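Before any comments, here is the structure.
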Amino acid sequence: MDEEGQLIQPQDQSCWATLPDVCLHRIFWWLGDKDRSRAALVCRRWNQMMYSADLWRYRAITFSGRHSRVHAYEFESAVWYVKKFGRYLEHLEIKFLTPYSVVLTRKFQVTMQGLLSCLGKRNNRLKSLSIQYLELDRLVWRNSIRSLFLKSLSSFLKKIGKHLDHLNLKGARLTVEQGCHILNSLSYLRTESAVSELNIEDYFSHRLAVYSSPQFNQTMATFRNLVSLTLNYNCISDELLENLGENNAGTLWSMNIKCHAHDPHGQVVWGMSWAKLARYATKLKVNFIFDKVVKYERLARILLQEIPIRSISLRNCSFSNPDWSMKPTLTDLLPTFRHTLQSQQHTGPGVTPNQTKSHI
């Protein structure tokens, strides 16, 4: 009662207690794992929001390659997340940043073994998997550690291959045998893979003539639904183009091809093979990236007029080389593709792409 004898009404509830679900969901979306866990202790409603599937569909996990107490939490958090919310996961991205010791590669391997094993048991909805820049041919990856990791990855892909739509293994740097074994896991107990987007740029170690491997061509023949394919030029052969034309003609829209100076790129690929693929895959567009490959003779042997090229990028050009000139490429080669080429750019020391981009 107040001084005038009137009943005092209780204070209104906090605005947080009546916050609409859509707003509460948005707040949880921006919180980190620790803050979400703390917020879930506030009340039953907030705890239920914690287990909303939409909050856990996307996950990006970055493991540091250096020793640190702070970075040690990354390994623990990754396993905790999969055990608690892995069943909701649809898109998973993992990066391991240039490890500097065998201890860290071993720790990463053990963590990934537990993570992939747990995820394989709890998840049946994963659509996208990206594990980039592992560089498995470096010395810090002992043979035993590398073998155990690849075994875990292969077993995982066998379990979830029928659901997976996008696979990115850029920078894995494997042998041909290892790489094909992993890719074949996607079609385990089936005749074909369901993957529509495949990124195997720098997937194989440098200096490997993958194009001459029958095993690689047999592996690529299992892909029957490719929309986008990213790979190195040392994988390109007449056999591969024939496989793509026979098995992916109705779906293939984009090919992104990287040609590095350290990769073998002197193989003969006939223009008629490209023409046949373009005739079958009518919507196909090809993007070329040349890294330190700038001489006109090399470019002319690769950039055949039958290829439906959309873009060409020249990277790490050495303008100080007195024997190199851009003029033949600009005046003789690129005009061949003027009807399909969107833009071409070259970059080098002190030159930015915006300064050198031109349209044809």
Side-chain angles (χ1 to χ4, degrees), residues 130 132 166-171 196-203 210-211 220 226-237 240-241 244-245 248-249 251-263 265-267 269-271 273-319 324-360:
S130 174
Q132 300 185 57
H166 173 88
L167 179 63
N168 184 349
L169 296 174
K170 178 179 180 179
S196 66
E197 295 185 36
L198 179 65
N199 187 337
I200 51 173
E201 178 183 327
D202 295 333
Y203 178 65
V210 184
Y211 58 82
M220 292 304 297
L226 287 176
V227 174
S228 175
L229 175 62
T230 301
L231 74 174
N232 291 58
Y233 190 75
N234 65 334
C235 298
I236 300 295
S237 65
L240 175 65
L241 299 181
L244 293 175
N248 302 274
T251 58
L252 191 60
W253 280 49
S254 175
M255 288 183 67
N256 306 295
I257 303 174
K258 177 183 177 181
C259 184
H260 194 282
H262 294 161
D263 289 335
H265 52 272
Q267 72 269 36
V269 180
W270 292 101
S273 298
W274 279 110
K276 185 177 180 180
L277 175 59
R279 185 167 63 252
Y280 290 156
T282 56
K283 298 180 180 180
L284 175 64
K285 297 298 179 183
V286 182
N287 305 299
F288 273 97
I289 300 174
F290 293 93
D291 196 340
K292 298 181 182 179
V293 180
V294 295
K295 290 187 177 181
Y296 172 77
E297 294 78 11
R298 295 183 179 182
L299 294 174
R301 188 175 64 248
I302 295 172
L303 297 174
L304 305 177
Q305 62 181 358
E306 292 85 357
I307 306 176
I309 295 178
R310 176 170 52 194
S311 67
I312 298 173
S313 176
L314 304 180
R315 297 180 178 176
N316 299 315
C317 303
S318 177
F319 295 104
W324 177 70
S325 173
M326 191 69 182
K327 184 177 179 180
T329 301
L330 291 173
T331 59
D332 300 334
L333 185 58
L334 295 185
T336 305
F337 309 101
R338 62 183 178 274
H339 297 299
T340 59
L341 194 63
Q342 290 185 349
S343 67
Q344 58 85 20
Q345 67 182 48
H346 60 277
T347 60
V351 182
T352 64
N354 289 334
Q355 291 173 323
T356 58
K357 184 180 291 186
S358 60
H359 295 273
I360 297 180

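Every value quoted in this text rests on a predicted model; they were computed, and no experiment measured them. Side chains included, hydrogens not; waters and symmetry mates left out as well; all remaining heavy atoms used.
- Taking both residues in full, the closest heavy atoms of Ala278 and Glu306 are given as CB-O, 4.4 Å, listed atom of the first, atom of the second, then distance.
- Proximity of a side-chain donor or acceptor of Asn168 to a complementary backbone N or O of Lys170 within less than 3.5 Å is detected.
- Looking at heavy atoms from C-beta onward, Ser254 lies in side-chain contact with Arg310 at the 4.5 angstrom threshold.
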Kindly determine whether Asn316 and His260 satisfy side-chain contact (heavy atoms from CB on, under 4.5 Å), including the steps that lead there. CA-CA 10 Å; Asn316 299 315; His260 194 282; over 6 Å; no

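- Put simply, the side chain of Asn199 gets close to the backbone of Glu201: a donor and an acceptor are under 3.5 Å apart.
- One finds the CG atom of Leu314 at 6.0 Å from the CG atom of Leu299 (value rounded to the nearest 0.5 Å).
- When all heavy atoms of Ile302 and Cys259 are compared, the pair lying nearest together is CD1-SG, 3.8 Å.
- Judged purely by atom type and a 3.5 angstrom limit, Gln267 uses its side chain to pair as donor or acceptor with the backbone of Tyr233.
- In this structure, the separation between CG on Leu167 and CG on Leu198 is 6.0 Å, given to the nearest 0.5 Å.
- Taking CG of Leu252 as the start and CG of Leu244 as the end, the distance is 6.0 Å to the nearest 0.5 Å.
- Looking only at side-chain heavy atoms (C-beta outward), Met255 and Leu226 stay at 4.5 Å or farther from each other.
- Ring orientation note: the planes of Phe290 and Phe288 are close to parallel, at an angle under 30° on the 30°/60° scale.
- The heavy-atom pair separating Leu304 from Ala300 by the smallest distance is CD2-O, 4.1 Å.
- Distance alone, capped at 3.5 Å, places no donor-acceptor pair between the Asn234 side chain and the Asp263 backbone.
- Under the side chain to side chain donor-acceptor pair (under 3.5 Å) criterion, Gln132 pairs with Ser130, sequence neighbours left out.
- Interatomic distance, Leu341 CG to Thr336 OG1, rounded to the nearest 0.5 Å: 10.0 Å.
- Under the salt bridge (charged side-chain N to carboxylate O under 4.0 Å, His left out) criterion, Asp291 pairs with no residue, sequence neighbours left out.
- In this structure, the separation between CD1 on Ile236 and CD1 on Ile257 is 4.0 Å, given to the nearest 0.5 Å.
- Side chains of Thr230 and Asn256: a donor-acceptor N/O pair is present below 3.5 angstrom, by distance only.
- Atom CG of Leu303 is separated from atom CD1 of Ile309 by 4.5 Å, given to the nearest 0.5 angstrom.
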Walk me through it: do Val210 and Asn232 pass the test side-chain contact (heavy atoms from CB on, under 4.5 Å)? CA-CA 9 Å; Val210 184; Asn232 291 58; over 6 Å; no

Step by step, work out the side-chain contact (heavy atoms from CB on, under 4.5 Å) result for Leu240 and Tyr211. CA-CA 8 Å; Leu240 175 65; Tyr211 58 82; over 6 Å; no

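- Using modelled atom types, no side-chain atom of Thr329 and backbone atom of Tyr296 make a donor-acceptor pair closer than 3.5 Å.
- Within the 4.5 Å cutoff, no side-chain heavy atoms of Leu241 are placed close to those of Lys276.
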